[in-house]
Amino acid sequence: MSVTVRFAPSPTGQIHIGNARTALFNWLFAKKAGGCFILRFDDTDAERSRQAFAEQIVSDLKWLGIAPDMVAYQSERFERYARAVDALKEKGLLYPCYDTPEELERRRRIRLSRRLPPVYGREALKQSKEEKAALEAEGRKPHWRFLLPNHDGDPLAPRRTEVQWDDVVRGPQSVDLASMSDPVLIRGDGTYLYTLPSVVDDIEMGVTHVIRGDDHVTNTGAQIALFEALSAEAPEFGHHNLLTTTTGEGLSKRTGSLSIAGLREDGIEPMAVSSLAVLIGTSEAVSACHDMEELAGHFDPVSSSRSAAKFDPTELRILNRSLVHAMSFSEVAPRLEALGITGPKIEAFWYAVRGNLETVYEARFWWDIVTEGPGEVDLPEEDRQFIQVALNLLPPEPWDRDTWRNWTSQVKADTGRKGKALFKPLRIALTGREAGPDLADLLPLMDREGILARQA
Ligand code: GLU
């Protein structure tokens, strides 16, 4: 059977590096198996879902190098969920509950005080038709729960019922259906929680592997039961560890923490994001892969650790630097042009400066120095005089890679300065900085007239 996976974000905010981890795990899993990747928007919550976020997610995935084979919106598939609801009702596996949040909370506390697991006690099943009708008459709207198969015929006498699966990431897993409440599938206002639409779509779309964060492990127990209740075979499941901030807080789509769009704006390369999103929290060494093929070679879901992985943005910058340092001119040329870096010297410019950049954007900084000079520089008087002497010795153009060496040898011979005393003021005069790209490479990119005019 060919592999089909899905990434199912809710379009309620910008996706972050933790969501990218889920998307990439699915993408690389499918890619390695020659399978199919579905982007399925979990947008049944009309109030919080936004088309603009869905579009942003599509473009974020594209930027990361993920091109879905199919895009689906759950909000367009309600009639399918309604059919599943009918089927479950017919089997007596979906039941209405009129309990208010306050009632539920009160009962939960009582159960806890009696040292019972704080699960729903199926009180709704004890209500008579008349009692329910009276509540309806009061204007109460029911929510609907899925009756978990954790009993031998009497739902009011649940018993330990282990659901087991061999997790693609975590190995053998087991969840006791008696340790959880019957999940609410439909809210009081008639909207669906993600549980049922997700299972219905996984069945209809032929999803073979559900790969998602380990915050869904318990849901999986209930969802496997739901697959069976809908007469379908459950797919395989894989639950990867989640990413947290360095201080251990969860990443949130709503607060926009470390969003993919934000990282892109900061000049972070997609492969830096992808490499870290996939390799962090695994036994693989974190290094910057240059493309998806290389990353796929390092991707092994089984190597993920069980505990959450702390995501440190500094690591992202380190990976970014190594990608930028190795970036070829042909790869970067259109981006330099977009930054206004144009002309016959840009290839030489790129190779001169790339080793000093953390992001491609920073090329603009060195381009301004090369083409316009550093602006006011702060040098002590004796260095100023030295610079005047040195500039008088600047050889005529054309300049090449030897010009710097020849020039500074001449300056050294004439002034007696050497080492730091010779090179540091020259570097500051030409670039305004104490450190930077090799001046043998930078000088030929500069313009003699311009340098002399600025220093006059
Ligand atoms: N929208 C859910 C989430 O992002 C989907 C979970 C799933 O993949 O089944 O957590």
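The figures that follow rest on heavy atoms only: side chains count, while hydrogens, waters and symmetry mates do not. Because the structure is predicted, anything quoted here is derived from the model rather than measured. Remember, it's 1-based here, ligands and their atoms both numbered in the order they're listed.
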> Report the residues that fulfil ring pair (Phe, Tyr, Trp, His ring centres under 6.0 Å) with F41, sequence neighbours left out, ordered by chain and then residue number.
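Y73.
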> Which donor-acceptor pairs under 3.5 Å do side chains of residues 81-88 form with protein atoms, sequence neighbours excluded?
from : atom 1 : to   : atom 2 : distance (Å)
Y81  : OH     : D201 : OD1    : 3.3
Y81  : OH     : D201 : OD2    : 2.7

> Under the ring pair (Phe, Tyr, Trp, His ring centres under 6.0 Å) rule, collect the residues that match up with F349, sequence neighbours excluded.
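So F349 forms a ring pair (Phe, Tyr, Trp, His ring centres under 6.0 Å) with W367.
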> Is the distance between the ring centroids of F146 and Y95 under 6.0 Å?
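So the answer is no for these two rings.
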> State plainly whether the residues D154 and R159 are in salt-bridge range, i.e. N to O under 4.0 Å.
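Judged by the 4.0 Å cut-off on N to carboxylate O distance, D154 and R159 do not form a salt bridge.
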> Answer yes or no: is there a side-chain heavy-atom contact under 4.5 Å between T220 and R212?
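Result yes, sub-4.5 Å side-chain heavy-atom pair found.
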> Who's touching ligand 1 if we go heavy atoms under 4.0 Å?
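Shell around ligand 1 (4.0 Å, heavy atoms): R6, A8, D42, Y194, S198, R212, H216.
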